[in-house]
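Residue numbering restarts at 1 for every chain, and letters A, B, ... go by the order of the sequence lines. Predicted model only: the values in this text are computed from it and were never measured.
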Amino acid sequence: MTAKPPFIPPPHFTLHPTNLPLPPTTPPPKMKILTTNYLTCALRACKSHPSSFPLHFRDAELQQDSLPFNAAFIANILPRIDWPALLTTATELGFTGLPAEKPDLLATAEMEADEGVGRELHRILLETQVVEGKLVCGNCGHEYAIHQGIANFLLPGHLV
Amino acid sequence: MDIVDPEEYEASHVHRVYEHIAPHFSATRFKPWPIVEKFLCNLPIGAVGLDVGCGNGKYLTVNPNVFIVGSDRSSSLIGIARGRKIQDSFVADALDLPHPDSRFDFAISIAVIHHFSSPERRCHALKSILATLKVPNDNSDGGRALIYVWALEQKNSRRGWDEGDQQDVFVPWVMSKQFSSTNAKAKGKGRDEKLTYMRYYHLYRKGELEADIARAGGRVQESGYEKDNWWAICGPVR
């Protein structure tokens, strides 16, 4: 058994400081990478354009959390993931450890392994979280802000 | 009822109201409704879904083995929901959901659709929810959505509305003093005066939710009445 490798941030983003000015009972808000696999532009007209998915990160400020590993959850979420979109997002954020093709439903032994794809998916999808930054539509160029971990998808016409 | 600008109308009589009452509203919303709880708990492990109009996020943690993405029009309520650990939530409009089509196993929208102030907008909201769900095929049943709306027929409730009454109504929210912001207090005339906010609702009559779902292109699988609300489980057609 080898220890979990330490998280090394890629050069173009910075780790968020852990001393967030939040009350101790409130966990710091943030957005999981898994969620971004399910997000596209809010404009209906963009949805039919392949370039609107996935949204692209700009100035992402990430934080690495430690969450309990749930092998069954990862195995069941895997068939639901859009793999090419995840590869795009992961590459943009500096994670290069994922295979080019979606792995077959992983055997439990492989899922549990310290260095396996299951752990890597857990690390990227659930433990890596976005605190600040923007998500940008590749079709219309609209930027959706993420501030204090909360993304805002209201379109300009709605901003009262 | 004829509303000239439904969008502006909802901004005044729904969105701004929730921005003001969010902490008090949230403090009264903590117990999951049994049918919603059952729907969420029967989902397979790893299922991915949406909570459209998630409010304070009380349903986001009912089943920790599924992944729910919550959204709400009210940034104040999302500010409260963000404390929920496992799941994500953000600010979005149900009419412009930022999700790809046909990817989700399930969706819930609890006490949300009744805040849209025209038949077209209610139909539009149902359409956008249905569009996110997996389309049924030979190998799978497709995604399912659970929708709840307030019923017109509730003669034994505190409000006492019943069949034949006006369906487009203002419902007062009386803000208890402990939740009033200092700014709101300063605006109040007396120190003991409570602030009352009026929220717009369209009260659904029997059969109307099913008809709206059909008009939005969905298929109703189950429907019923529970505690002053009409509910339906529906999905997209093949």
Side-chain angles (χ1 to χ4, degrees), chain A residues 22-23 25-44 46-48 50 52-55 65 67-68 70-82 85 125-126 129-130 135 137 142 144-155 157-160, chain B residues 7-8 10-12 15-16 19 43-50 57 63-107 124 127-128 131-132 134 140 143:
Chain A
L22 282 167
T25 49
T26 313
K30 47 218 160 183
M31 186 163 125
K32 291 180 172 58
I33 301 305
L34 175 56
T35 300
T36 67
N37 202 253
Y38 286 91
L39 289 173
T40 185
C41 190
L43 276 173
R44 166 71 24 203
C46 282
K47 289 187 187 177
S48 55
S52 68
F53 178 76
L55 298 173
D65 276 5
L67 295 171
N70 181 342
F73 182 83
I74 293 292
N76 282 284
I77 212 90
L78 185 61
R80 295 170 162 91
I81 296 287
D82 184 306
L125 294 174
L126 303 176
Q129 311 210 13
V130 186
L135 281 167
C137 173
H142 189 74
Y144 298 97
I146 302 167
H147 181 51
Q148 296 182 345
I150 299 176
N152 188 334
F153 286 95
L154 297 182
L155 295 166
H158 292 128
L159 300 170
V160 185
Chain B
E7 210 169 318
E8 178 48 38
E10 288 158 22
S12 308
H15 306 156
R16 283 181 205 134
E19 287 302 309
L43 294 162
I45 184 167
V48 177
L50 296 174
N63 181 352
N65 282 319
V66 301
F67 188 68
I68 310 185
V69 177
S71 62
D72 202 281
R73 188 61 183 67
S74 164
S75 52
S76 302
L77 284 171
I78 287 296
I80 295 166
R82 74 185 188 181
R84 314 259 155 172
K85 282 179 196 158
I86 314 284
Q87 316 282 4
D88 274 6
S89 56
F90 48 75
V91 181
D93 194 300
L95 301 184
D96 302 303
L97 288 174
H99 304 294
D101 287 347
S102 315
R103 287 278 310 279
F104 293 88
D105 300 296
F106 70 94
H124 184 167
K127 257 188 197 158
S128 13
T132 64
K134 288 179 178 167
S140 98

| message | Do A:L155 and B:D93 have side chains that approach each other closer than 4.5 Å (heavy atoms only, starting at C-beta)? | response | no
| query | Hey, is the main chain of B:F104 close enough, under 3.5 Å, to the side chain of A:R80 for a donor-acceptor pair? | reply | no
| note | Bottom line for A:I81: the part with an atom under 4.5 Å from chain B's heavy atoms is backbone
| message | Nearest 0.5 angstrom please: A:L39 CG to B:L97 CG, how far? | response | 10.5 Å
| field | Contact class of A:Y38 relative to chain B, heavy atoms under 4.5 angstrom | value | both
| query | Taking C-beta and beyond as the side chain, do B:N65 and A:N70 meet within less than 4.5 Å on heavy atoms? | reply | yes
| request: Using a strict 4.0 Å threshold on nitrogen-to-oxygen distance, state whether A:R44 and B:D101 make a salt bridge. | output: yes
| Which pair of heavy atoms, one from A:I150 and one from B:S89, lies closest together, and at what distance? | CG2-O, 4.5 Å
| said: For the interface with chain A, which of B:P44, B:S71, B:A47 has the highest count of heavy-atom pairs at distances below 4.5 Å? | reply: B:A47
| note | Most contact-rich option vs chain B, by heavy-atom pairs under 4.5 angstrom, among A:I77, A:I146, A:L126, A:L43, is A:I77
| message | Is it the case that the side chain of A:K47 and the backbone of B:P98 share a donor-acceptor pair, with hydrogens and angles ignored and the cut-off at 3.5 Å? | response | no
| message | Working to the nearest 0.5 angstrom, can you tell me the gap between A:N152 CG and B:S75 OG? | response | 7.5 Å
| note | Under 4.5 Å to a heavy atom of chain B? For A:N37 that would be both
| request: Please report the shortest heavy-atom distance between A:F53 and B:P100, naming the atom on each side. | output: CE1-CG, 3.8 Å
| With a 4.5 angstrom heavy-atom cut-off, which part of B:V48 approaches chain A: side chain, backbone, both or neither? | both
| request: State which residues pass side-chain hydrogen bond (donor to acceptor under 3.5 Å, both in side chains) with B:S12; sequence neighbours excluded, sorted by chain then number. | output: B:E8, B:R16
| task | Check B:A92 against A:F153 and note the closest heavy-atom contact, atom names and distance. | result | CB-CB, 4.0 Å
| request: Could you list the residues that satisfy salt bridge (charged side-chain N to carboxylate O under 4.0 Å, His left out) with B:K134, not counting sequence neighbours? | output: B:D105
